[in-house]
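Data block below; observations after.
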Amino acid sequence: MRIATWNVNSVRSRIDRVTAFLERHDIDVLAIQETKCREDQFPGLELSAMGYEFAHRGLSQWNGVAIISRVGLDDVATQFADDQPMFGDPEIVEARSIGATCGGVRVWSLYVPNGRELGHPHYDYKLQWLERLRQASAQWLADDPTAQIALTGDWNVIPTDDDVWDVTAFEGKTHVSQPERDAFHAVVDAGYADVVRPFTPGPGVYTYWDYQQLAFPKKRGLRIDFVLASQALASRVETAWIDREERKGKGASDHAPVIVELSEM
DNA sequence: ATGGTCGATATTCGA
């Protein structure tokens, strides 16, 4: 079974790339982030015609997450916790998480808050969001240590200095601060391993390149998109890769997809 | 790598 995660930066403007990606890599389950549309606007007809089911959480032109699967899509949840942190005026639970069981794997598509600036209310929201996710993720494994769980998505955290083209360019900025890195590693320590890194060793391996200032051809990227897997799922990982080719050309998302190949059970 | 931001209930805001 092959699962992937990809911040598509608008699913409506990118649907042809999404369907081509599913075919090119023979993907069974795709978690996407930043759909940037409401549920009634989701371009699902082409996916259905290809034999995929989908579940989408989208409230407005911001955020939005979905799971696309051809191996089942059960027990859909649009929050990882009843008390998931809220943001906005008025405060709402934003469309940043959706979970579903696909082919025996509990898959989460996660879009971690960006944080905007150190000290910004959005930064505190980001840290609270990650901590609440850690709590929920730890509880799932406490309930069933053999559960196959994939925490996938855009984490908006640069976990180590090897995961950014020049860490000095990020001094005083979000994504590299110690509280953010600690919050990310706390999820890992709860029992969820980065199953892609062993197959894509760095430095210089990234999943995101800014649209501005020729970041992609200049290889100025960040590694912020991850598949974190519970032990039972991690033991099934045969290989993984980042589809850097998808970042090329006109109409590319600023993020590249990340793919994990699992052995059959 | 074949390019010098992009997307949306846009004309500003979020990333």
Side-chain angles (χ1 to χ4, degrees), chain A residues 5-19 21 31-44 56-66 85-97 109-130 152-159 163-166 169-177 180 183-184 204-226 242-258:
Chain A
T5 183
W6 185 15
N7 180 322
V8 295
N9 186 17
S10 169
V11 69
R12 286 179 293 171
S13 69
R14 215 81 67 205
I15 186 60
D16 290 348
R17 278 185 176 257
V18 170
T19 55
F21 169 77
I32 59 175
Q33 301 85 40
E34 279 208 88
T35 59
K36 286 186 169 177
C37 66
R38 295 187 310 266
E39 283 145 33
D40 62 285
Q41 299 172 309
F42 192 83
H56 174 228
R57 178 65 169 171
L59 302 173
S60 67
Q61 71 270 47
W62 308 121
N63 314 309
V65 285
M86 300 192 289
F87 194 80
D89 184 15
E91 287 192 325
I92 58 164
V93 176
E94 296 183 312
R96 294 181 176 275
S97 63
S109 181
L110 304 167
Y111 180 44
V112 176
N114 172 284
R116 299 183 187 170
E117 296 173 21
L118 300 183
H120 192 285
H122 209 259
Y123 177 78
D124 296 329
Y125 168 52
K126 178 181 194 173
L127 295 178
Q128 289 167 10
W129 202 93
L130 283 167
T152 85
D154 176 359
W155 292 74
N156 269 317
V157 176
I158 298 166
D163 299 317
V164 53
W165 62 279
D166 179 7
F170 278 73
E171 277 178 21
K173 295 188 175 179
T174 61
H175 294 57
V176 299
S177 74
E180 288 166 276
F184 177 84
V205 172
Y206 309 122
T207 65
Y208 164 87
W209 299 261
D210 198 294
Y211 283 126
Q212 301 182 58
Q213 298 175 318
L214 288 174
F216 183 59
K218 290 182 175 176
K219 305 185 189 305
R220 295 179 173 178
L222 318 176
R223 195 172 73 102
I224 55 176
D225 300 271
F226 299 96
I242 297 162
D243 183 11
R244 196 176 168 282
E245 294 298 306
E246 179 55 50
R247 181 62 180 80
K248 296 180 181 178
K250 184 176 168 65
S253 169
D254 41 3
H255 294 252
V258 179

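Atom set for the values below is all heavy atoms of this structure, side chains included, hydrogens, waters and symmetry mates excluded. Naming: A, B, ... by sequence-line order, numbering from 1 per chain. Keep in mind that this is a model prediction, so the values were computed, not measured.
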(message) Taking the nucleotide of DNA chain B with the nearest heavy atom to each, does A:Gln41 or A:Arg244 sit closer to the 5' end?
(response)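 Nearest nucleotide further toward 5': that of A:Arg244.
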Pairwise N/O distances under 3.5 Å, protein to nucleotides 13-15 of chain B:
unit_1: B:dA15; atom_1: OP2; unit_2: A:Arg116; atom_2: NE; d: 2.8

(request) With sequence neighbours left out, write down each residue that passes side chain to side chain contact (heavy atoms under 4.5 Å, CB included) with A:Arg220, or none if nothing qualifies. (result)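 A:Arg220 satisfies side chain to side chain contact (heavy atoms under 4.5 Å, CB included) with A:Trp165, A:Ala215, A:Lys218 only.
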[N] to [M] separation - [atom1] atoms, rounded to the nearest Å:
{"N": "B:dT2", "M": "B:dC6", "atom1": "P", "value": "13 Å"}
{"N": "B:dT5", "M": "B:dA10", "atom1": "P", "value": "24 Å"}
{"N": "B:dT11", "M": "B:dG7", "atom1": "C1'", "value": "13 Å"}

(message) Taking the side chain as everything from C-beta on, heavy atoms only, tell me whether A:Leu118 gets closer than 4.5 Å to A:Thr174.
(response)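 When only atoms from C-beta onward are counted, A:Thr174 and A:Leu118 do touch, with a gap below 4.5 Å.
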(request) Could you check if a side-chain atom of A:Val157 sits within less than 4.5 angstrom of a side-chain atom of A:Lys126, using non-hydrogen atoms only? (result)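 The answer is yes; the side chains approach within 4.5 Å.
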In whole angstroms, how far is the [atom2] atom of [N] from the [atom1] atom of [X]?
{"X": "A:Ile15", "N": "B:dA8", "atom1": "CD1", "atom2": "P", "result": "13 Å"}
{"X": "A:Arg220", "N": "B:dT5", "atom1": "CZ", "atom2": "C1'", "result": "15 Å"}
{"X": "A:Lys250", "N": "B:dC6", "atom1": "NZ", "atom2": "C1'", "result": "11 Å"}
{"X": "A:Arg247", "N": "B:dT5", "atom1": "CZ", "atom2": "C1'", "result": "9 Å"}

(message) Applying side-chain contact (heavy atoms from CB on, under 4.5 Å) to A:Glu34 and A:Tyr111, what does each step give before you reach the verdict?
(response) CA-CA 7 Å; A:Glu34 279 208 88; A:Tyr111 180 44; 3.2 Å; yes
(request) Give me the ring orientation class for A:Phe184 and A:Phe226: parallel if the planes are under 30° apart, tilted from 30 to 60°, perpendicular past 60°. (result)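 Answer is tilted, since the angle falls between 30° and 60°.
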(request) Return the orientation label for the A:His255 and A:Tyr208 ring planes: parallel under 30°, perpendicular over 60°, tilted otherwise. (result)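 Answer is tilted, since the angle falls between 30° and 60°.
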